[in-house]
Amino acid sequence: MRNTIAVGLAALVAMYFVGGMSARHEIFPWPQLSALRTMVGGEKAAAPSRYTFDGKERLIGDESKTPVTCPTQTDRTAVLLLLGQSNAANDGGQRHRSNYGARVVNAFDKRCFIAASPLLGATDTKGEYWTLLGNHLIASGQNDNVILAPLAYSGSEVARWAAGGDLNPVLVDTMKQLQDSGYRITSVLWMQGEADLVLGTTAEDYQARFLSMVDTLRQHGVEARVYISIASKCLEPSNGGFKEHIPDNAIVRAQLALSKSGHGIREGVNTDALLDGDDRYDDCHIGGSGAEKVARAWLNLLSGDHRLETSR
């Protein structure tokens, strides 16, 4: 009797480990059993959500959005093309909404919506600071209307934005949508670099790929300044980053060189230097205090250039 029980227990243990190994490595019989379960029970229906995403996980629909007529562009309208990775996307620690109704809008797919986090056109569904920047631009008296056109993908490296990269055609399509809506882009704001530091992209490769993206902008009629942020800091393995940050690195050197290279490229906000530990809610992404700092820094940059242009 005891021998029978021992054999039974050994068989159960063996089945447990074989089943676990089979599930982890997709070997017989797990795929067959899984397929049979799907045939009998069907796929589990996705839970209802107010959000809709495209195949690259970019937010393309939000039932809470308020559609409005797209404002007509004048010489007091800012049309901002917002590019980059997670710190340009909807990964912020604080949500914001327009304080001025339809004077600050989120342009997407030839439609306009009152700006409110999360913005259509970028990945994820948390906060962002671009809407806060729009509020500041209106409050400062610099602009009567602000058009926010985000195109930002969490974790994206610069190679994906260059010619031949999978995001380059999406960039072209975004520019075309804005042009078809009667908009001329007034500034391009680039916030990216953290992924390339982790990947070990060289300074030379980063510069070449970024310039390829700028060439794409110019080939499709965008003559506006391109502001390249100094951004390479995203700490901790949980964020795909390192434990510690070395400020003098290949990506920062590339970004600084690009900002002095001509081609209509200017230095943007230096988030590596501007933000301290309390400004990043998870050692990487920008929290509420950081959003205020970054939005103010962008305001100062855009306002300074605006004053130079109007004084000429």
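Note that this is a predicted model, so its numbers are computed, not measured.
Checking side-chain atoms of Lys65 against main-chain N and O of Ala116 turns up a donor-acceptor pair under 3.5 Å. Not one N or O on the side chain of Ser212 forms a donor-acceptor pair closer than 3.5 Å with the backbone of Ala208. In terms of modelled atom types and a separation under 3.5 Å, the side chain of Gln85 and the main chain of Ala195 share a donor-acceptor contact. Between the side chain of Gln179 and the main chain of His220, a donor-acceptor pair closer than 3.5 Å is present. Under a 3.5 Å cut-off, the side chain of Asp272 and the backbone N or O of Ser232 do form a donor-acceptor pair. A donor-acceptor contact shorter than 3.5 Å is absent between the side chain of Asn143 and the backbone of Val146. Side chain of Asp205 to main chain of Thr202: no donor-acceptor pair is present (N/O by atom type, distance under 3.5 Å, no hydrogens or angles). For the pair Asp124 (side chain) and Asn90 (backbone), a donor-acceptor distance under 3.5 Å is absent. Panel note: side chain Arg209, backbone Arg160; no donor-acceptor pair is recorded below 3.5 Å. Of the possible polar contacts, one joining the Gln192 side chain to the Ser156 backbone as a donor-acceptor pair under 3.5 Å is found.
In this structure, Asp109 and Gln177 have side chains that are in contact, with non-hydrogen atoms separated by less than 4.5 Å. With contacts defined as side-chain heavy-atom distances shorter than 4.5 Å, the pair Val214/Leu258 does not qualify. You'll find the side chain of Tyr51 stays beyond 4.5 Å of the side chain of Ser64, heavy atoms only. For the pair Val294/Thr271, a side-chain contact is recorded, criterion being any heavy-atom separation below 4.5 Å from C-beta on. Looking only at side-chain heavy atoms (C-beta outward), Gln73 and Val79 come within less than 4.5 Å of each other. Using a 4.5 Å heavy-atom cutoff, the side chains of His136 and Arg296 are in contact. Residues Val104 and Ile138 meet the side-chain proximity criterion, which asks for heavy atoms closer than 4.5 Å. Considering only heavy atoms from C-beta on, Leu148 comes within 4.5 Å of Thr131 through its side chain.
A pairwise comparison of heavy atoms in Pro71 and Tyr183 identifies O-OH, 2.5 Å as the closest pair. Minimum interatomic distance between Asn145 and Ala102 (heavy atoms only, all atoms of both residues): ND2-O, 4.0 Å. The two residues Thr186 and Thr77 make their nearest non-hydrogen contact at CG2-O, 3.7 Å. For the residue pair Ile286 and Gly290, the shortest heavy atom distance occurs at CG2-C, 3.3 Å. Nearest approach of Arg97 to Asn135, heavy atoms of both residues: O-ND2, 3.1 Å. The shortest heavy-atom contact between Arg218 and Ala224 is NH1-O, 2.8 Å.
Using cut-offs of 30° and 60° for the angle between ring planes, the Tyr206 and Phe210 rings count as parallel. Between Trp130 and Trp298, the ring planes are tilted. Angles from 30° to 60° get that label.
Cluster annotation: Val222 and Leu151 are assigned to the same hydrophobic cluster (Ile/Leu/Val/Met/Phe/Trp/Tyr, side-chain heavy-atom contacts under 4.5 Å, transitive). Each of Val105 and Leu120 belongs to its own hydrophobic cluster when Ile, Leu, Val, Met, Phe, Trp and Tyr are linked at side-chain heavy-atom distances under 4.5 angstrom. With hydrophobic clusters built from ILVMFWY side chains whose heavy atoms lie under 4.5 angstrom apart, Val188 does not share a cluster with Phe108. Residues Leu211 and Ile251 share a hydrophobic cluster, clusters being chains of Ile/Leu/Val/Met/Phe/Trp/Tyr side chains in contact below 4.5 Å. Criterion: ILVMFWY side-chain heavy atoms under 4.5 Å apart, direct or through other members. Under it, Ile228 and Leu256 are not part of a common hydrophobic cluster.
Expressed to the nearest 0.5 Å, how far CE of Met213 lies from CH2 of Trp190 amounts to 4.5 Å. The structure places CG of Asn270 at 10.0 Å from OG of Ser259, a figure rounded to the nearest 0.5 Å. Separation of atoms OG1 (Thr52) and CD1 (Ile60) is listed at 6.0 Å; rounding is to 0.5 Å. The distance from atom CE of Met191 to atom CG of Asn87, rounded to the nearest 0.5 Å, is 6.5 Å. Distance CD/Gln255 to OG/Ser229: 7.5 Å, rounded to 0.5 Å. Distance CG/Leu197 to CG/Asn249: 4.5 Å, rounded to 0.5 Å.
Atom CZ of Arg95 sits in a crowded spot, with more than 12 heavy atoms from other residues, nucleotides or ligands closer than 6.0 Å. The local environment of CZ in Arg253 is crowded, with over 12 non-hydrogen atoms from other residues, nucleotides or ligands closer than 6.0 Å. Heavy-atom neighbours of Leu199 CG from other residues, nucleotides or ligands within 6.0 Å: above the threshold of 12.
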### Task
Mind running side-chain contact (heavy atoms from CB on, under 4.5 Å) on Ser86 and Thr123 for me, showing each step along the way?
CA-CA 8 Å; Ser86 57; Thr123 54; over 6 Å; no
### Message
Evaluate Thr201 against Asp196 for side-chain hydrogen bond (donor to acceptor under 3.5 Å, both in side chains), listing each step before the verdict.
### Response
CA-CA 5 Å; Thr201 304; Asp196 283 281; 2.8 Å; yes
### Query
Do Leu301 and Val269 pass the side-chain contact (heavy atoms from CB on, under 4.5 Å) test, and can you show the C-alpha distance, the side-chain angles, and the key distance before you say yes or no?
CA-CA 8 Å; Leu301 273 174; Val269 173; 4.0 Å; yes
### Task
Decide side-chain contact (heavy atoms from CB on, under 4.5 Å) for Arg76 and Gln142; before the verdict, give the C-alpha distance in whole Å, the side-chain angles of both, and the deciding distance to 0.1 Å.
CA-CA 7 Å; Arg76 290 183 54 79; Gln142 177 171 320; over 6 Å; no
### Message
Test side-chain contact (heavy atoms from CB on, under 4.5 Å) on Leu235 and Lys243; report intermediate values, then the result.
### Response
CA-CA 6 Å; Leu235 299 180; Lys243 179 181 177 180; over 6 Å; no
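The pair Asp166-Lys56 counts as a salt bridge, with a side-chain nitrogen and a carboxylate oxygen less than 4.0 angstrom apart. Taking 4.0 Å as the cut-off between side-chain N and carboxylate O, Arg184 and Asp75 do not count as a salt-bridged pair. With salt bridges taken as basic N to acidic carboxylate O contacts below 4.0 Å, one links Lys126 and Asp91.
The only member of Asn106, Leu80, Leu59 that meets side-chain contact (heavy atoms from CB on, under 4.5 Å) when paired with Pro150 is Asn106.
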